[in-house]
Amino acid sequence: MKDKHHHHVDYDAEFINPSKDVVKQALIKDYDKIYKRSVEDREGFWAEEAKKLTWFKKWDKVLDDSKKPFYKWFTGGKFNIIANAIDRHLKNWRRNKLAIIWEGEPGDVKTMSYHALNREVSKFANVLKSMGVHKGEVVTIYMPQIPELPIAMLACAKIGAIHSVIYGGFSAEALAGRIEDAKSRTLITADGGFRRGNITDLKGIANEAMRRSATIEVCIVVKRTAQDVHMQGDRDFWYHDLMALPIANPKCETEVMDAEDPLFILYTSGTTGKPKGLMHSHGGYAVYTSTTHKYVFDIKDEDRWWCAADPGWITGHSYLVYSPLINGATLMMYEGAPNHPYPNRWWSMVEKYGITILYTSPTAIRGLMRFGESWPNRHDLTSLRLLGSVGEPINPEAWKWYHRVIGGGKCPIMDTWWQTETGGFVITPLPITALKPGSATKPFFGHEVAIVDEQGNQVADGEEGKLVLQAPWPGMARSIWGDPDRFKETYWKDYEKQGWYKAGDAARKDKDGYFWIIGRIDDVIKVSGYRLGTAEIESALITHYAVSESAVVGLPHEIKGNAIHCYVILRAGMTGNKALEEELKEHVSRELGPIAKPEHIEFVDSLPKTRSGKIMRRVLKARALGQDVGDISTLEE
Ligand code: WTA
């Protein structure tokens, strides 16, 4: 069966079975049996997993669904994710196990045992307290991929502050908006970071953001590049100065939290220009991320786990920072670009550190595939046992290359489908699963997933429909920061009667019960796996003096998955030309961030709108792709 949008996808592909060796080691040997149990007794299944963690006080109730869709998990339980990610490992041999191996882009290396990590986190937790940070307050973190980033996150969690990490590739406007929404008074940042041989100007951008939103009173700055930066005397402090004070005591009690207390908010793009701060809890999130990580990636004590995502996104939160530490693993973290200085950078690190599991995005794979096989082939990659993929559908060509060239044909690929909102994996294989390249395969334990039409009727096998999650899970986002109505409206309104969660993705299920994700059905675009809202890009464009109106769509791109295509109506008297095109691209990059830099700007005289004035992006996209524009009866002209 061929499909016009995904012409490479082969739904009838032959299964790729795991090797005997992988099966022999697998923690889960019988998916069907455990899956059946997990959905028949969902609460029992999750309680059993939760028992494996450390609680200050056990929960009274596993699931409280009295205020749907605001589900609560492990209510009455006293908990802190740090008691699990750090404290419990200090009481056994893992104290001296490596927690973090970090390599900077210039080649500098830092390693930290659980013991050392605890000292850094405790010291910084005491620093934060001394700066007046208290339980329940939102601390904004805007940093490059350096060890101080997870240290800052963990220190916040330890004292019960709520972290809000803003990806370092975002610029002033995005940072300012997120600081303002959270009314954050503390910002942790760095002078800059190394990226593709260049130095990023994080502090300059942070200064601009603090000028635009005035809530920040304290700004702590890690010295990474030692470039000259402007420090404001009464507001800005160097991290290393504070860490050298007696107040930075390496002993700090972990705060006793309610299981449902917020751990972090993470902003993500939605349909409107205003990004939403998804809120995750200490208890349920810890149980969910550690369970999914352990079973899907078969985590063993001798593993060296590398999640090549940035901690600024949910993948980094859940699978670079929290779940590996809860599972007592050794994690790898790398600061810079995959192809710096040469396209073998990643492969040389896999070899050098003996990485056993690599988890990355299809965009990264496609980007490295472009350089050819000789780069990975000159390295010994035989330490690898499992591979992972996340963020966007992986096309079978990239899947097969990853499998054959990187995995030597013996490492199964865990294609994990999930979202910022889900906290962790939802549709994913296990190491024992028979795989089909391009399919995320089947639901994780406890999940019931369906493909439905507008009314909620299940569509036939092989038909496209909307992906819904039919039952709650412990890692689900609890709400949108400061806007519970939007939480209800966005995810739960369309299938309110059934009580289902709408994921916002289109997908199919084949005759074998395997799920195939097609992509977003809302105004969200995945560019290189990064999640961006068309409305955010439009808002950035409109702040340019030449722009009167704009519409943004995502169009297929060979490496990035999607690329940003902008239609712009200029103000009267302005003429569109090559120079203005470049200027507008730069403008968006400066305002919102380099990741949001448009691929194309097209000047137009009008935009297709509904009679109520809403831009029909669907029509623009169909036209650009030379497809049938579909039903345009609501079109104004
Ligand atoms: C997409 C990232 C296909 C999907 C963890 C989802 C995927 C959005 C996959 C969430 C996958 C994520 N296959 N598509 N394995 N994983 N997506 O919030 O469209 O940044 O809705 O979370 O990424 O993006 P987010």
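All ligand and atom numbering here is 1-based and tracks the order in the structure. Everything numeric here is computed off the predicted structure, so don't read it as measured data.
- With a 4.0 Å cut-off on non-hydrogen atoms, E392 touches ligand 1 through its backbone and not its side chain.
- For ligand 1, the polar-atom distance check finds an N/O of K526 within less than 3.5 Å of one of the ligand's N/O atoms.
- Of the candidates I406, I355, V405, W347 forms a side chain to side chain contact (heavy atoms under 4.5 Å, CB included) with just one, namely I406.
- When heavy-atom distances to ligand 1 are checked against a 4.0 Å cut-off, I394 has no atom that comes that close, whether in backbone or side chain.
- Between Y530 and F170, the distance from one ring center to the other does not fall under 6.0 angstrom.
- Between T268 and ligand 1, no pair of N/O atoms sits closer than 3.5 Å.
- Annotation: W313 places no N or O atom under 3.5 Å from an N or O atom of ligand 1; distance criterion only.
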Report task. Test salt bridge (charged side-chain N to carboxylate O under 4.0 Å, His left out) on R531 and E421 and set out the steps. Result -> CA-CA 12 Å; R531 179 165 163 179; E421 291 85 348; 2.7 Å; yes

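- Atoms of ligand 1 found under 4.0 Å from any heavy atom of T315 (numbered from 1 in listed order, with element): 5 (C).
- Interface atoms of ligand 1 facing T416, defined by a heavy-atom separation under 4.0 Å, are 9 (C), 11 (C), 15 (N), 16 (N).
- A heavy-atom separation below 4.0 Å is found between P393 and ligand 1.
- When Y322, Y285, F264, Y167 are each tested for a ring-ring contact (aromatic ring centres under 6.0 Å, His included) with H317, only one passes: F264.
- Taking every heavy atom of V390 and a limit of under 4.0 angstrom, the matching atoms of ligand 1 come to 5 (C).
- Closest heavy-atom approach to atom 12 (C) of ligand 1 among the candidates Y319, F425, W418: W418.
- Residue contacts with ligand 1 include G391, since one or more of its heavy atoms lies under 4.0 Å from the ligand.
- Below 3.5 Å of separation, one finds no N or O of S389 facing any N or O of ligand 1.
- With ligand atoms numbered from 1 in the order given, ligand 1 contributes 11 (C), 13 (N), 15 (N) to contacts under 4.0 Å with heavy atoms of D415.
- A ring-ring contact (aromatic ring centres under 6.0 Å, His included) with Y319 is found for one member of F297, F425, W306 and no other, namely F425.
- Within the 4.0 Å heavy-atom criterion, the part of D505 lying near ligand 1 is the side chain and not the backbone.
- Using a 3.5 Å distance cut-off with no hydrogens or angles, the side chains of D510 and W516 do pair a donor with an acceptor.
- Pairing each heavy atom of E260 with each of Y71, the nearest pair is OE1-O, 4.2 Å.
- Each of the following atoms of ligand 1 lies closer than 4.0 Å to a heavy atom of I517: 3 (C), 14 (N).
- R520 and N562 form no side-chain donor-acceptor contact under 3.5 Å, judged by distance and modelled atom types alone.
- Under the 6.0 Å cut-off for aromatic ring centres, W46 and Y288 qualify, their centroids lying closer than that.
- Here the CG atom belonging to L387 is positioned 10.0 Å from the OG1 atom belonging to T360, to the nearest 0.5 angstrom.
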